[in-house]
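All of these numbers come straight from a predicted model, not from anything done at the bench. Residues: numbered from 1 along the sequence shown.
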Amino acid sequence: MWSTRMALAAAATLAIGLTAAACGGDSGDKASGAGQGGFPVPKVPMQQSLGQGEGQVNLVAWAGYAEDGSNDPKVDWVTPFEKQTGCKVNTKVAGTSDEMVTLMKTGEYDAVSASGDASLRLVASGTVAPVNTKLVPNYADIFQGLKMKPWNSVNGVAYGIPHGRGANLLMWRTDKVKTAPDSWGAVFDANSPYKGKITAYDSPIYIADAALYLMSAKPELGIKNPYALDQKQFDAAVNLLKTQHGLIGEYWSDYTKEVQAFKSGDSVLGTTWQVIANLAEAEKAPVKVALPKEGSTGWSDTWMVAAKAKHPNCAYKWLDHIVSPKANAQVAEWFGEAPANAKACRQTADKTFCDTFHATDENYFSKVHFWTTPIAQCLDGRKDVKCVDYSKWTQAWTAIKG
């Protein structure tokens with residue numbers, strides 16, 4: 001029953017980094033205010049009223065976010081929307097955040113389900129518009145912990161509607177790892193007894209996981225935000241990952257392969273998602289997961305509207321529909337993440353679903369550092385140094401893996 005993010009952010013190679021986009025945006029004059037981290041924000045008008053639907057809407061979405069019954073007849077929240085609004089949904093499934101950014105820049109799409117490693121790039125380039133939340137009635141029921149965050153707002157202005165969220169967790173086989181680990185140190189220990197059986201997420205964004213661990217393991221580095229690393233901090237994270245490389249049995253981006261690796265015992269310890277743990281348990285693998293004491297990285301996806309959307313009214317209608325209680329519950333269960341709408345928890349087929357995914361636990365998510373695009377202007381507010389942007393993260397990731 002499960003689909004998932006199909007290698008989200010994996011193999012991300014930024015041909016155009018956020019800084020470059022900010023310096024040479026695609027549209028509009030630069031606003032006087034600075035965005036998150038100080039990058040200039042193009043002036044893009046916000047839609048002020050909702051009119052008649054245009055008959056269709058063109059979406060860029062993660063697999064599993066706009067199901068119309070073609071993958072599973074029982075999984076369909078697109079058809080009810082089309083019947084209710086008269087807006088035919090045309091969906092282009094994207095496999096990575098880079099692909100989403102590229103597709104949105106063509107001007108052929110009206111809305112996108114952007115993750116935090118894409119959203120700021122779309123804002124900085126003028127590709128998406130500020131979102132008028134007054135035109136999205138269901139926004140009122142979105143968890144407060146998801147509203148007006150660094151990856152979905154700039155200068156106090158919303159640039160999208162939160163869709164869902166999830167944490168990157170630590171998973172282990174209970175028959176092989178006898179002492180339950182409570183720290184990410186378990187996957188970074190150079191003397192680990194599980195050498196060759198450790199797995200890690202295959203993406204440059206995983207550098208943030210090393211930085212997150214170093215925030216507490218080496219406080220003298222002064223890391224405050226795992227996505228805002230100056231050169232010294234970045235080098236420390238990269239060096240840690242180069243050491244870890246000798247422990248890794250395999251890097252994963254395909255969730256089905258990680259399930260099988262834990263089932264077979266090829267992997268006994270490593271980073272994962274809750275949905276993978278559920279699937280592994282369903283396959284009778286003796287696994288457990290935990291949010292380590294350092295916290296974790298994670299994702300929070302945002303529906304954003306194109307600055308030059310050809311079907312803006314249908315796009316807004318879609319934004320309201322996909323975060324409505326029933327539809328948001330359906331997509332959260334199918335995809336494997338915590339829903340964004342607080343009322344969705346009463347609509348899930350599995351009545352324990354929101355407990356499993358910690359949907360209402362803001363204390364839990366306060367420990368999650370959601371994916372955000374690293375840029376040269378430090379996202380932690382520092383002005384006296386430059387931070388390492390994501391294009392350099394991708395180069396380093398290639399070197400880390402050898």
Colleague: So do Y194 and V177 actually touch side chain to side chain, heavy atoms under 4.5 Å?
Modeller: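 A side-chain contact exists here, since the closest heavy-atom pair is under 4.5 Å.
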
Colleague: Looking at every heavy atom in both R346 and K351, which two are closest together, and how far apart are they?
Modeller: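 Shortest heavy-atom contact: O-NZ, 3.5 Å.
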
Colleague: Quick one, E283 and V259 - any side-chain contact, counting heavy atoms below 4.5 Å?
Modeller: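 Yes, their side chains come closer than 4.5 Å.
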
Colleague: Donor-acceptor pair, distance only, cut-off 3.5 Å: does the side chain of T96 make one with the backbone of E99?
Modeller: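 Here the side-chain-to-backbone pair exists.
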
Colleague: Side chains of Y251 and H245 only: does a donor on one sit below 3.5 Å from an acceptor on the other?
Modeller: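 Looking only at side-chain atoms, H245 and Y251 do form a donor-acceptor pair, the distance falling under 3.5 Å.
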
Colleague: For the pair W303 and Y65, name the ring-plane relationship: parallel under 30°, tilted 30 to 60°, perpendicular over 60°.
Modeller: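 Ring orientation of W303 relative to Y65: tilted.
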
Colleague: Is it true that atom NZ of K317 has more than 12 heavy atoms of other residues, nucleotides or ligands lying nearer than 6.0 Å?
Modeller: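 Atom NZ in K317 is crowded, with more than 12 foreign heavy atoms closer than 6.0 Å.
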
Colleague: What are the two closest heavy atoms between C345 and P339, and how far apart are they?
Modeller: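 Taking C345 first and P339 second, the nearest heavy atoms are SG-CG, 4.3 Å.
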
Colleague: Any salt bridge between K74 and E333, counting N to O under 4.0 Å?
Modeller: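 E333 and K74: not salt-bridged.
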
Colleague: Working to the nearest 0.5 angstrom, can you tell me the gap between Y206 OH and Q244 CD?
Modeller: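 Nearest 0.5 Å value for the OH-CD distance: 4.0 Å.
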
Colleague: Compute whether any side-chain donor of one residue and acceptor of the other, for H321 and Q84, lie under 3.5 angstrom apart.
Modeller: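 Absent: no donor and acceptor within the cut-off.
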
Colleague: Scan side-chain atoms only and decide if T348 and D350 contain a donor-acceptor pair under the 3.5 Å cut-off.
Modeller: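 No - no donor-acceptor pair under 3.5 Å links their side chains.
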
Colleague: Dump the intermediate steps for salt bridge (Lys or Arg N to Asp or Glu O under 4.0 Å) on R165 and E362, then the final yes or no.
Modeller: CA-CA 11 Å; R165 54 184 169 176; E362 295 300 338; 2.8 Å; yes

Colleague: Which atom pair, heavy atoms only, marks the closest approach of V331 to G64?
Modeller: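 It is CG2-O, 3.4 Å.
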
Colleague: Taking the side chain from W252 and the backbone from A261, do they hold a donor-acceptor pair closer than 3.5 Å?
Modeller: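 Checked: no pair found.
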
Colleague: Do N90 and Q56 have side-chain heavy atoms sitting under 4.5 Å apart?
Modeller: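 Side chain of N90 against side chain of Q56, heavy atoms only: contact under 4.5 Å found.
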
Colleague: Just by distance, no angles: are the side chains of D76 and T79 close enough, under 3.5 Å, to form a donor-acceptor pair?
Modeller: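 Result is yes, a qualifying pair exists.
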
Colleague: Is there a donor-acceptor pair closer than 3.5 Å between any side-chain N or O of S119 and the backbone N or O of W151?
Modeller: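 Between the backbone of W151 and the side chain of S119 there is a qualifying donor-acceptor contact (under 3.5 Å).
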
Colleague: Identify the heavy atoms of A200 and I248 that sit nearest to each other, and give their distance.
Modeller: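 Result for this residue pair: CB-CD1, 3.8 Å.
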
Colleague: With a 3.5 Å distance limit and no angle check, can you tell me whether K147 reaches the backbone of Y139 through a side-chain donor-acceptor pair?
Modeller: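 Confirmed, K147 side chain pairs with Y139 backbone.
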
Colleague: Could you tell me the separation between the CG atom of N152 and the CZ atom of F370, rounded to the nearest 0.5 Å?
Modeller: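 Interatomic distance, N152 CG to F370 CZ, rounded to 0.5 Å: 10.5 Å.
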
Colleague: Any side-chain heavy-atom pair from V275 and E337 closer than 4.5 angstrom?
Modeller: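 No. Closest side-chain heavy atoms not under 4.5 Å.
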
Colleague: Any idea which heavy atoms bring S153 and M148 closest together, and the distance?
Modeller: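 Nearest pair, atom of S153 first, then M148: OG-C, 3.3 Å.
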
Colleague: Just by distance, no angles: are the side chains of Q47 and N132 close enough, under 3.5 Å, to form a donor-acceptor pair?
Modeller: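 Q47 vs N132: no donor-acceptor pair found between side chains.
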
Colleague: Would you say the side chains of E258 and W273 form a donor-acceptor pair under 3.5 Å?
Modeller: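 Note: E258 and W273 side chains miss the donor-acceptor criterion.
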
Colleague: Is the CD atom of Q52 crowded by more than 12 outside heavy atoms at less than 6.0 Å?
Modeller: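 No, not enclosed.
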
Colleague: Check for a donor-acceptor pair, side chain of S113 on one end and backbone N or O of W62 on the other, with a separation under 3.5 Å.
Modeller: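 It does hold such a pair.
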
Colleague: Do F234 and W393 come within less than 4.5 Å of each other through their side chains, counting heavy atoms only?
Modeller: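 Yes, at least one pair of side-chain atoms sits under 4.5 Å.
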
Colleague: Mind running side chain to side chain donor-acceptor pair (under 3.5 Å) on T356 and Q274 for me, showing each step along the way?
Modeller: CA-CA 8 Å; T356 299; Q274 182 66 57; over 6 Å; no

Colleague: Any ion pair linking D380 and K224 (charged N to carboxylate O, less than 4.0 Å)?
Modeller: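 No, this pair does not count.
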
Colleague: How many angstroms lie between NZ in K288 and CG in L169, if you round to the nearest 0.5 Å?
Modeller: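 K288 atom NZ to L169 atom CG measures 14.5 Å (nearest 0.5 Å).
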
Colleague: How long is the straight-line distance from CD of E281 back to CE of M171, given to the nearest 0.5 Å?
Modeller: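 Answer rounded to 0.5 Å: 9.0 Å.
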
Colleague: Quick check: does any side chain N or O of N313 sit under 3.5 Å from a backbone N or O of E54, one acting as donor and the other as acceptor?
Modeller: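 No.
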
Colleague: Output yes when D98 and R121 qualify as a salt bridge under the 4.0 Å nitrogen-oxygen rule, no when they do not.
Modeller: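 Looking at R121 together with D98, the answer is yes, because their closest N to O distance falls below 4.0 Å.
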
Colleague: Quick check: do V388 and P374 have side-chain heavy atoms less than 4.5 Å from each other?
Modeller: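 A side-chain contact under 4.5 Å is absent here.
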
Colleague: Give the minimum heavy-atom separation between I223 and L214, together with the two atoms involved.
Modeller: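 Shortest heavy-atom contact: CD1-CB, 4.0 Å.
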
Colleague: Is any side-chain heavy atom of F262 less than 4.5 Å from a side-chain heavy atom of T199?
Modeller: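 Answer yes - side chains close enough.
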
Colleague: For the residue pair F81 and W318, does the interplanar ring angle fall in the parallel (under 30°), tilted (30 to 60°) or perpendicular (over 60°) class?
Modeller: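 Plane angle over 60°, so perpendicular.
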
Colleague: Indicate yes or no for a side-chain donor-acceptor contact from T394 to the backbone of S391 under 3.5 Å, with no hydrogens or angles considered.
Modeller: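 Side chain of T394 to backbone of S391: a pair is present.
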
Colleague: Going by atom types alone, do T373 and D117 pair a side-chain donor with an acceptor below 3.5 Å?
Modeller: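 Side chains of T373 and D117: no pair found under 3.5 Å.
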
Colleague: For the side chain of D110 and the backbone of H311, is there at least one donor-acceptor N/O pair under 3.5 Å apart?
Modeller: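 It does hold such a pair.
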
Colleague: With no hydrogens and no angle check, is any side-chain donor or acceptor of T106 less than 3.5 Å from a backbone partner on T102?
Modeller: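 Answer holds: no.
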
Colleague: Hey, are T297 and N168 close enough side-chain-wise for a donor-acceptor pair under 3.5 Å?
Modeller: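 Checked: N168/T297 side chains pair up, N/O donor to acceptor below 3.5 Å.
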
Colleague: Just so I know, are the side chains of V89 and D68 near enough to count as touching, which here means a heavy-atom distance under 4.5 Å?
Modeller: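 No. Closest side-chain heavy atoms not under 4.5 Å.
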
Colleague: Is a side-chain donor-acceptor pair under 3.5 Å present for W397 with D202?
Modeller: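 Yes.
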
Colleague: Does any N or O in the side chain of N328 come within less than 3.5 Å of the main-chain N or O of S324, such that one atom is a donor and the other an acceptor?
Modeller: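 No: the side chain of N328 does not pair with the backbone of S324.
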
